[in-house]
Amino acid sequence: MEVEAYLGLHDPASHAAERIGRTARNDVMYGRPGLAYVYLIYGMHWCVNVVTGTEGVPSAVLIRALDPLAGEDVMAERRSRRPLTSGPARLCQALGVTGELNGHDLAHPPLTLAPGWPVDPGRVATSPRIGVTRAADWPLRFYLAGHRAVSGPRSLNTSDPVLRRNV
DNA sequence: ACTCCGATTGTT
DNA sequence: ACAATCGGAGTA
């Protein structure tokens, strides 16, 4: 229950920041909303975004944690019983998401985005994005306060997040 | 062509 | 605190 927003051209931390331009890697961010943008980080971990914004405006939402409703047995197998879905790379491993799904339309299997349930707006907390060095103070991380499926140390999972850089 | 470093994670 | 691990970004 945790996401981060990346605002494209005018967001220095985005893979589609203006100084970078349109490249093979960030190309799907320019595509239709509802596509999956999957990228490799640190040469070993996959992370998945949902492309947002209108076509041609490269924006995306990084999925950093989610609440497993089913299939936890399979996830535990893939994750060797480590934390399953709290962390952008962890949840990709748990769900079996790899670069093959880059550009995939999330309206169709094998990976789909479905409507969830209403949440109390008062439980939605914000903080700076984790792990970014540019625009490090932009409050574009959103998470459900107190929810078990949130990445990072417990101290970050509060309704009154401390503004600290990284970890 | 070559260096630097990252939207991370797991182990020491 | 630090290694793993590699493609993309920045520089030349």
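For the pair A:Arg90 and B:dG10, the criterion of a side-chain N or O lying under 4.0 Å from OP1 or OP2 is met. Taking 4.0 angstrom as the limit, A:Arg79 places a side-chain polar atom (N or O) nearer than this to OP1 or OP2 of B:dG10.
To the nearest 0.5 Å, atoms CZ (A:Arg134) and CZ (A:Arg19) are separated by 3.5 Å. From A:Tyr143, atom OH reaches atom CD of A:Glu4 across 11.5 Å, with rounding to the nearest 0.5 Å. Note that CD of A:Glu72 is 8.0 Å distant from CG of A:Asp67, once rounded to the nearest 0.5 Å. Interatomic distance, A:Ser59 OG to A:Tyr37 OH, rounded to the nearest 0.5 Å: 12.5 Å.
A:Asp105 approaches A:Leu35 most closely through the heavy-atom pair CA-CD2, 3.8 Å.
Hydrophobic cluster membership of A:Ile20, counting Ile, Leu, Val, Met, Phe, Trp and Tyr whose side-chain heavy atoms lie under 4.5 Å apart directly or via other members: none, as it forms a cluster of its own.
The separation between A:Asn49 atom CG and B:dT8 atom P is 11 Å, rounded to whole Å. Look at CG on A:Leu7: it is 13 Å from C1' on B:dA7, rounded to the nearest Å. Between the CZ atom of A:Phe142 and the P atom of B:dA7 there is a distance of 18 Å, given to the nearest Å. In this structure, CG of A:Asp11 is placed 11 Å from P of B:dA7, rounded to the nearest angstrom. Separating the CD atom of A:Gln93 from the C1' atom of C:dA4 is a distance of 14 Å, rounded to the nearest angstrom. Following rounding to the nearest Å, A:Ile63 (CD1) and B:dT8 (C1') show an atom-to-atom distance of 16 Å.
Placement of A:Leu9 and A:Val57 in two distinct hydrophobic clusters is found when ILVMFWY residues are connected by side-chain heavy-atom separations under 4.5 Å, directly or transitively. In the hydrophobic clustering of ILVMFWY residues, with side-chain heavy atoms under 4.5 Å counting as a link, A:Val38 and A:Tyr30 come out apart.
For the P atoms, the distance from C:dT5 to B:dC2 is 23 Å, rounded to whole Å.
For DNA chain B, runs of at least 3 consecutive pairs of the Watson-Crick or G-U wobble type, with both hydrogen-bonding distances under 3.5 angstrom, map to B:1-6 with C:6-11, B:8-11 with C:1-4.
Taking a 4.0 Å limit (strictly below) on heavy-atom distances, residues 31-47 of chain A reaches DNA chain C at A:Tyr42, A:Gly43, A:Met44.
The salt bridge (Lys or Arg N to Asp or Glu O under 4.0 Å) check on A:Arg79 picks up nothing, with sequence neighbours excluded. In this structure, A:Phe142 has no ring-ring contact (aromatic ring centres under 6.0 Å, His included) partners at least two apart in sequence or on a different chain.
By the 6.0 Å contact criterion, CZ on A:Arg22 is enclosed, its count of non-hydrogen atoms from other residues, nucleotides or ligands being greater than 12.
The residue A:Ala13 sits close to a base: some heavy atom pair falls under 4.0 Å.
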Write down the protein N/O and nucleotide N/O pairs, taken from nucleotides 8-12 of chain C, whose separation is under 3.5 Å; answer none if there are no such pairs.
unit_1, atom_1, unit_2, atom_2, d
C:dG10, OP1, A:Arg19, NH1, 2.2

